[in-house]
Each structure stands twice: as structure tokens, then as C-alpha cells.
*Asks:* 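I am attaching a structure below and will ask some questions about it afterwards.
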Amino acid sequence: MPLFWDNKRYHSLNYHLRYKFGQKVFKLPLDAGFTCPNRDGTLSREGCYFCSARGSGDFAGERGADIRKQIGQMQEVMHKKWKNGLYIAYFQAFTNTYAPVERLRILYDTAISCPGVVGLAIATRPDCLPDDVLDLLAEFNQQTYLWVELGLQTVHEKTSRLVNLGYTYDTFLKSLSKLNERKIEAVAHIILGLPGETEEEMLTTGKTVASLPIQGLKIHLLHLMKGTPLMRFYEEGKLKFLTKEEYVRMVVDILEYVPENVVIHRLTGDSPRDLLVGPKWSLKKWEVLNSIDEEFIKRNTWQGRLAL
């Protein structure tokens, strides 16, 4: 049994950043005004069917506002909770590599030049990492702490088509390989509860990703939000919400296979209360996280116990 991470039985991002920087580090979610090939008509105009109108950046800064202004506003909010801390500039909303390199360079440079910012987190799609963008990311990887979040969601092609992802698992693998070649940390993002998937299929996604050369993992519960194309599935009776017990059990099942060195960036998610259709239990975020901790203890298990 390993020494646990600040009494957690998984390698949390909070632990990782405290260990790396010696103090509390906050992520500042930003909206840099990007779009997405699945929104602008290049692939589709509907987007991924679960994605919100704000491109999964519902708690990010003010769209269209200067990056410096967004970072300053977010820092003020964080200072109300913690007197001191450092910051990761988190380019969250939409696809944050989907622009010419010249524009990306200016945005990323602006972010890391802000006081207290010690790193960049860049959320993107695996089909939006051309070589010139990868080379730019490699440059920033030499200047600051950097990770790239790749939305995989599922390894099952039938589900990818069903929810209109617009890319394949093979595309994810190719982009992951290119990030690894450049020694850029890659964080995979998966969703449990996608329509039509069995528990076995969800666990297959989790265990498959656990076997890949990733440095971080985000596990997210499917949230159904008003105004998303996924509402059609719900209205037609084709979407069944996971219970909290099912979700917690699967999260722990997956984490047992995730190597101990992989940082767990998220185990649940947030949605605006006024937009969330379900599952409503997900609004009680700390109850979900506490239930995951309790499941680990009940089983006397930990992250990586079954990792190969």
C-alpha cells in the first residue's frame, strides 16, 4: 500500500500542485473567444451534443474581455477564499488551440505575464493540434508549467458518432503521441453516463485510458443541460441518468487501474444550477467527492492498486 496523498487515496491535482509549487495553486478558467470546428460549420454547427452554449466554459471569465482583465477578476474572487496563492491560467471555453499560431502566442504570452501565474492549462480537441501549434506548445513548455487537456470522452466509435464528437479514438491516440514526443503533459478527459453506453463500456473507456501514456486524467459525469442537442435524447427516453452510487462505484473501479503517478484533475463536474436538467445529485459536489473517499476506504483500495 502506498503512502496516500494528503490522506486521499488518489493522486489529486491539489496535492500535485502543492507539492510542485510549495503552496496553494488555483486554476483561473478563461474564455479567450475561441470557437470550435464542431460549431463553426467546418464539421458541424451543433457541436458535441452534451456541450453547453458556452463551450463547457460556463464558469469561465467574461467572453470577449481582455485576458489580463479576466485573470485579474478571477484572482480577486480567489483572494476572498485564500489570502495567498499562485495561479494556472486555464484556457477552458471551446477549443483553445483552434486559431492561427500568431494569435495563440499572444494569448498564451499575455496569460503567463500576469502576476502570480505559474502555468498554463489548455483545453482542446484531439483534431485541433496541427504541427505548428504543437511546436508552439513545446516552446511554452520550456517557459512555464504546461498541460494540455484532450477531450476523449469515450473509446467507443458508436458513441462518438451518436453524440457528434467529430473525431475518433485513433485521432486522440495520434495527438497523444505527438504531445508525448514533445514531452508536453497530456490530460485525458472522459465522460461516464453517455447515452447508450453500458457500465461495462464505460469501464472499458476508463481502463483503456488508464493504460495509455497520459500524465493526467479527468473523469466527468454526464450533465444534461437545457438548450443542448442532448435534450432530444432525454425527451425521447433514450438517456438514463446514472445514480450517485453507480457513478461513485465506477470512478473507484477505474482509478484502481490508473497508475499512481497519473494526476487526477477532476472526479466530478459543475453545471449552472439553472441550466442543469440532471442528474440533480451532482449539484452537491462535496457529497460526491466524500462518497468517493468513503468507497475507497470501504474497499480498502487506492489509485493504482490494479495497475499493470
Side-chain angles (χ1 to χ4, degrees), residues 13 16-18 20-37 39-40 42 54-79 82 84-151 175-176 178-189 214-216 218 263 265:
L13 178 63
H16 170 71
L17 292 175
R18 277 186 176 274
K20 184 174 182 67
F21 294 102
Q23 61 179 294
K24 179 70 176 177
V25 181
F26 300 95
K27 286 194 305 179
L28 305 177
L30 307 172
D31 186 333
F34 292 108
T35 182
C36 171
R39 292 285 186 97
D40 67 5
T42 301
R54 287 207 60 189
S56 295
D58 297 278
F59 299 101
E62 179 187 351
R63 187 167 179 81
D66 178 78
I67 289 297
R68 289 187 188 88
K69 179 182 177 183
Q70 291 188 46
I71 287 176
Q73 290 172 336
M74 291 286 177
Q75 287 175 333
E76 286 182 17
V77 172
M78 295 303 177
H79 283 163
W82 294 80
N84 298 305
L86 299 173
Y87 305 97
I88 300 289
Y90 179 28
F91 286 85
Q92 181 185 34
F94 294 94
T95 304
N96 294 277
T97 58
Y98 190 52
V101 164
E102 295 75 17
R103 182 186 176 205
L104 297 177
R105 184 186 297 279
I106 292 170
L107 289 167
Y108 301 162
D109 261 329
T110 300
I112 65 172
S113 70
C114 292
V117 173
V118 294
L120 287 173
I122 299 171
T124 191
R125 292 166 54 94
D127 58 347
C128 290
L129 284 172
D131 286 342
D132 60 343
V133 171
L134 285 161
D135 291 341
L136 177 69
L137 293 172
E139 287 182 37
F140 278 93
N141 197 38
Q142 298 300 313
Q143 300 175 43
T144 191
Y145 182 52
L146 169 70
W147 73 74
V148 174
E149 295 184 6
L150 282 181
S175 289
L176 177 61
K178 291 179 179 181
L179 289 169
N180 281 317
E181 287 171 7
R182 291 165 173 82
K183 301 187 182 336
I184 298 170
E185 290 191 15
V187 178
H189 188 292
I214 59 174
Q215 290 71 50
K218 275 190 170 183
V263 179
H265 285 240

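This one's a predicted model, so the numbers in the text were calculated from it and none came from an experiment.
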*Asks:* Step by step, work out the side-chain contact (heavy atoms from CB on, under 4.5 Å) result for F140 and L104.
*Replies:* CA-CA 11 Å; F140 278 93; L104 297 177; over 6 Å; no
*Asks:* Output yes when a side-chain donor or acceptor of Q143 lies under 3.5 Å from a complementary backbone atom of I112, and no otherwise.
*Replies:* no
*Asks:* For I106, which residues count as a side chain to side chain contact (heavy atoms under 4.5 Å, CB included) partner, sequence neighbours excluded?
*Replies:* T110
*Asks:* Working to the nearest 0.5 Å, report the span between CG of L28 and CE of M78.
*Replies:* 6.0 Å
*Asks:* To the nearest 0.5 Å, what is the distance between CG on L176 and CD on E181?
*Replies:* 10.0 Å
*Asks:* Which one of H189, E149, H265 satisfies the side chain to side chain donor-acceptor pair (under 3.5 Å) criterion with K218?
*Replies:* E149
*Asks:* Which atom pairs, donor and acceptor, lie under 3.5 Å between side-chain atoms of residues 94-101 and protein residues at least two apart or in another chain?
*Replies:*
unit_1	atom_1	unit_2	atom_2	d
N96	ND2	F91	O	2.9
N96	ND2	Q92	O	3.4
N96	ND2	A93	O	3.2
N96	ND2	F94	O	3.3
N96	ND2	A123	O	3.0
T97	OG1	T124	OG1	2.6
T97	OG1	C128	O	2.5
Y98	OH	D40	OD2	2.7
Y98	OH	T42	OG1	3.1

*Asks:* Between L179 and A186, which heavy-atom pair has the shortest distance, and what is it?
*Replies:*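 Nearest pair, atom of L179 first, then A186: CD1-CB, 3.9 Å.
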*Asks:* Could you tell me which non-hydrogen atom of R125 sits nearest to which non-hydrogen atom of C36, and how far apart they are?
*Replies:* CD-SG, 3.6 Å
*Asks:* Which value, rounded to the nearest 0.5 Å, describes the distance between F26 atom CZ and I88 atom CD1?
*Replies:* 12.0 Å
*Asks:* Can you find a pair of side-chain heavy atoms, one from Y108 and one from L146, that are under 4.5 Å apart?
*Replies:* no
*Asks:* I need the minimum non-hydrogen distance between I214 and A188, along with the two atoms involved.
*Replies:* CG2-CB, 4.2 Å
*Asks:* May I have the list of side-chain donor-acceptor pairs in residues 130-137 shorter than 3.5 Å, sequence neighbours left out?
*Replies:*
unit_1	atom_1	unit_2	atom_2	d
D135	OD1	R182	NE	3.3
D135	OD1	R182	NH2	3.2

*Asks:* So R18 and Q23, side-chain contact (heavy atoms from CB on, under 4.5 Å) or not? Walk me through it.
*Replies:* CA-CA 5 Å; R18 277 186 176 274; Q23 61 179 294; 5.5 Å; no
*Asks:* Just do the side-chain contact (heavy atoms from CB on, under 4.5 Å) check on F34 and R39 with the steps written out, would you?
*Replies:* CA-CA 10 Å; F34 292 108; R39 292 285 186 97; over 6 Å; no
*Asks:* Going by heavy atoms in the side chains, are K178 and L129 under 4.5 Å from each other?
*Replies:*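 K178 does not reach L129 side chain to side chain.
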*Asks:* Taking all non-hydrogen atoms of both residues, which atom of P126 and which atom of L150 are closest, and how far apart?
*Replies:* CA-CD2, 3.8 Å
*Asks:* Minimum heavy-atom separation for E185 and Q215, please, with both atom names.
*Replies:*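 E185 and Q215 have their closest heavy atoms at CA-OE1, 3.4 Å.
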*Asks:* Where do V118 and K20 land on the side-chain contact (heavy atoms from CB on, under 4.5 Å) test, with the steps shown first?
*Replies:* CA-CA 11 Å; V118 294; K20 184 174 182 67; over 6 Å; no
*Asks:* Could you measure the distance from the CZ atom of F21 to the NE2 atom of H16? Nearest 0.5 Å is fine.
*Replies:*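 Reported value, rounded in 0.5 Å steps: 7.5 Å.
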*Asks:* Any donor and acceptor pair, going by atom type alone, linking the side chain of Q70 with main-chain N or O of A65 inside 3.5 Å?
*Replies:*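 Confirmed, Q70 side chain pairs with A65 backbone.
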*Asks:* Please name the pair of heavy atoms, one in L30 and one in A89, separated by the smallest distance, quoted to 0.1 Å.
*Replies:* CD1-CB, 4.0 Å
